[in-house]
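Reading through the structure tokens given below for one structure.
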4 protein chains.
Amino acid sequence: MGEMPVSKTAAKREARICEILSCAEKHFSNKGFHGAGISGIAADCGISVGHLYHYFGSKDELILAVVKSEMGRQDESITAFEDLSPENLRLEMAELTTAIFSTDAEPFRTVLNFEILAEAQRNPEVAALLQQQDTQMRRRFVTILRRAGIDDPETRTELIFTIFSGLSARALRHPEQERAALLEVIKDVILKILGDKQVASGALSA
Amino acid sequence: MGEMPVSKTAAKREARICEILSCAEKHFSNKGFHGAGISGIAADCGISVGHLYHYFGSKDELILAVVKSEMGRQDESITAFEDLSPENLRLEMAELTTAIFSTDAEPFRTVLNFEILAEAQRNPEVAALLQQQDTQMRRRFVTILRRAGIDDPETRTELIFTIFSGLSARALRHPEQERAALLEVIKDVILKILGDKQVASGALSA
Amino acid sequence: MGEMPVSKTAAKREARICEILSCAEKHFSNKGFHGAGISGIAADCGISVGHLYHYFGSKDELILAVVKSEMGRQDESITAFEDLSPENLRLEMAELTTAIFSTDAEPFRTVLNFEILAEAQRNPEVAALLQQQDTQMRRRFVTILRRAGIDDPETRTELIFTIFSGLSARALRHPEQERAALLEVIKDVILKILGDKQVASGALSA
Amino acid sequence: MGEMPVSKTAAKREARICEILSCAEKHFSNKGFHGAGISGIAADCGISVGHLYHYFGSKDELILAVVKSEMGRQDESITAFEDLSPENLRLEMAELTTAIFSTDAEPFRTVLNFEILAEAQRNPEVAALLQQQDTQMRRRFVTILRRAGIDDPETRTELIFTIFSGLSARALRHPEQERAALLEVIKDVILKILGDKQVASGALSA
DNA sequence: TATGAATGAGCATTCATTCAT
DNA sequence: TATGAATGAATGCTCATTCAT
């Protein structure tokens, strides 16, 4: 069961690719997609430039692969919320509020996050990848909410994704310390969104 | 009255600087800070490379200046909400929800927005500028809300800024057409936030 | 008596030229003739680039002027040895041996010394200046020796100039501390050269 | 016997490096370290600019390598004086006096000589190299003198190095034709220095 | 006399990429 | 699979110099 590598070489190849991706991610995080250079990445991997081109035909291809892997990771981290009881789901999501200001690797915030969004504005392939991945993440999240018996899961998903995306930007624009209050409010909002029967005009009102 | 240029040369100089900034902004938008080249910008301005360096000592200086001007523009566009009656304020803010998906120049979304956020992650000067500007914008918005007689304006400001920041990311990640429903929800949320006496656990609940 | 400036403006002009030369000398010393830039020199003088060109038509002209002034200074410092009694002359010259390892401004050693020699190898104008100045210095020194009643002053001058030139190079190649002994030897050699009736094959032998 | 290159590629690489060094030396001699450009050197070698950087990481590195090779050559040319009989040593050294005014490649004079000395004044790495190499050359020369049975070889070495260094400067400052007499005197001095039992206050006196 | 805007060639350096081995 | 030699265009930046004012 599961896809096991066809041969030993194939396994080695995949490992090598993984290593390159991880090196590339590091460099891209530090210097940006355009600031990082292929040769630096190759050197960091301990392979030659020419050999890197054996695995990735161009820098754009490498960028795309990194973006894809990054999003794979985001997607994966949604798994943590599957199979939670409705109540635990609410609590865990509320906790994310705090995490987003500190951790760099969770669904709504990655170091490469804004780099990717910026790139998406000018690279259609990246944009397509981004949107396709987002669609999938929303779909999974909707399923999670539905399984938890929450009404109108699509809208609530959108709301939550919007708020968390916003938070990740605020972590950069507003890193001061008085934000503790904000976090409390947001937590409450999240709990509301996941707890109320109706979402907005109804649920949020008296 | 009004600030008139001290001298003719100074005026010319300022005009030239403005032109460079505008060209640079265009190039940076299209190719990113690191993708765009000084020589391209200079050529587009109709001046020589060397001469551009007469006005900006380095590319970083130019980037910083563009970021600063960009944020000045964001800040300015808040002015539109000053002097509005409380009710109009609510409606106008709700309208922004739609605008953020279409317009490229308003307080919470600019083409350069993510480029700047990405740059802020590795360039401390940009980060400082970003935070300082955000502080000022929040202060102004708080004043607007307070003048409109809205309770706990600080928290509501944070909430609104968070939501709009999130929306601008969603415009990229989720540009599909079924989002009309989301917009309606967000609009309602904004109206709630600006209309309720209490903010969260209280106001959003029944 | 002596040449007084024709007018106040002329005096001012000369002062300005002096200032430029002194700034240029500083920059050339620090970065070399080719490493230093006109604009840096102008800035250091507190004048505009264009204005510097009012006084010196080109960088080469400025270099030449600095070389000339440098050599003027070397020449001047020979004056110190005129009017010395024969015995004092010997002692003073012997003292120079020590000075050459520490001072940067005396006839046989200047910071710009090697820069000038290197430039002379490729710039004929500098070479000509160098040789002409050296001729004049030798002539003056010969006169000094002759007045002191020293035999064959031409040859002794050559010998002394050679030794001091050599010392200035050794100050760079051999700046260690065990050189005290060398200095004593050289001192003695100088004293010999200036004291013996015959110069070499005779005088230096038993 | 002999050092044979480890592999064919390594040999090729070394040959290429040699070629670059020789081209660089030529350019540096003609225009000075700072006057010569990398692109000119690369073009002269028949390689691309980028490729030159494959071998030398920066211009400074290249300068340093040229200086090093230059000094290697100076050091090597001392070999000619090893294994000479005492008498032949005296004569050969005396002959050098003439050579220094004509040849460009011998221990005490190279075209790049003053360029290097000038650079040493501002580039500590070059200075260090210069001093280290000089120390070694002195050491070797001392051994030569000692083997020839000459007393106090250290002091005599210093004296000779000083005189020859001085001569190489005089070749530039005093290239006129009446110097034949000087040469004779210097020759005698050298012979004395290498022939007398005592060096200075004693040997040079009656 | 004095400014500083303006130029464009030149600088050292890095880039993504190709290719023979 | 793996190397690293090789390219040449492009990078950000500085240069000496000119010129209108």
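Here is the naming used below: chain letters follow the sequence lines, and residue numbers restart at 1 for every chain.
- No donor-acceptor distance shorter than 3.5 angstrom exists from the side chain of K26(C) to the backbone of D44(C), with no hydrogens or angles considered.
- A donor-acceptor contact shorter than 3.5 Å is absent between the side chain of Q133(D) and the backbone of L129(D).
- Look at NZ on K12(B): it is 8 Å from P on dT21(F), rounded to the nearest Å.
- Of the possible donor and acceptor atoms, none in the side chain of T110(B) sits under 3.5 Å from a partner among the backbone N and O of N113(B).
- Neither OP1 nor OP2 of dC15(E) sits under 4.0 Å from any side-chain N or O of Y53(D).
- Taking for each of I47(D) and G46(A) the nucleotide of DNA chain F with the nearest heavy atom, the 5'-most of the two is the partner of G46(A).
- A donor-acceptor distance shorter than 3.5 angstrom exists from the side chain of Q121(A) to the backbone of V111(B), with no hydrogens or angles considered.
- Positionally, the nearest nucleotide of DNA chain E for G57(D) lies more toward the 5' end than for the other of G57(A) and G57(D).
- Contacts between residues 17-45 of chain A and DNA chain F, defined by a heavy-atom separation under 4.0 Å, are absent.
- Of the candidate nucleotides dT3(F), dA6(E), dA16(F), dA16(F) has the atom nearest to the side chain of K59(C).
- Side chain of E115(D) to main chain of S29(D): no donor-acceptor pair is present (N/O by atom type, distance under 3.5 Å, no hydrogens or angles).
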(request) Start with the C-alpha distance between H34(B) and E119(B), add both sets of side-chain angles, then the distance that settles side-chain contact (heavy atoms from CB on, under 4.5 Å), and finish with yes or no. (result) CA-CA 10 Å; H34(B) 294 293; E119(B) 187 67 12; 3.3 Å; yes
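- Consecutive Watson-Crick or G-U pairs involving DNA chain E, each under 3.5 Å on both distances, make up stems of three or more pairs at E:2-21 with F:2-21.
- Checked against dT7(F), dT7(E), dT3(F), the side chain of H51(D) finds its nearest nucleotide in dT7(F).
- Around CD of E125(A), the count of heavy atoms belonging to other residues, nucleotides or ligands within 6.0 Å does not exceed 12.
- Candidate nucleotides dT17(E), dA2(E), dT17(F) were compared by shortest atom distance to the side chain of S58(A), and dT17(E) ranks first.
- Counting any heavy atom pair closer than 4.0 Å across all strands shown, Y55(B) reaches sugar-phosphate atoms only and no base atom.
- Within the 3.5 Å criterion, the main-chain N or O of F33(B) finds a donor-acceptor partner in the side chain of K59(B).
- For the pair E25(C) and R73(C), the salt-bridge criterion is met [side-chain N within less than 4.0 Å of a carboxylate O].
- As a whole-Å value, the separation of L52(B) CG from dG8(E) C1' is 14 Å.
- Nearer to the 5' terminus of DNA chain F, by closest-nucleotide assignment, is the contact made by R16(A) (compared with the other of G50(D) and R16(A)).
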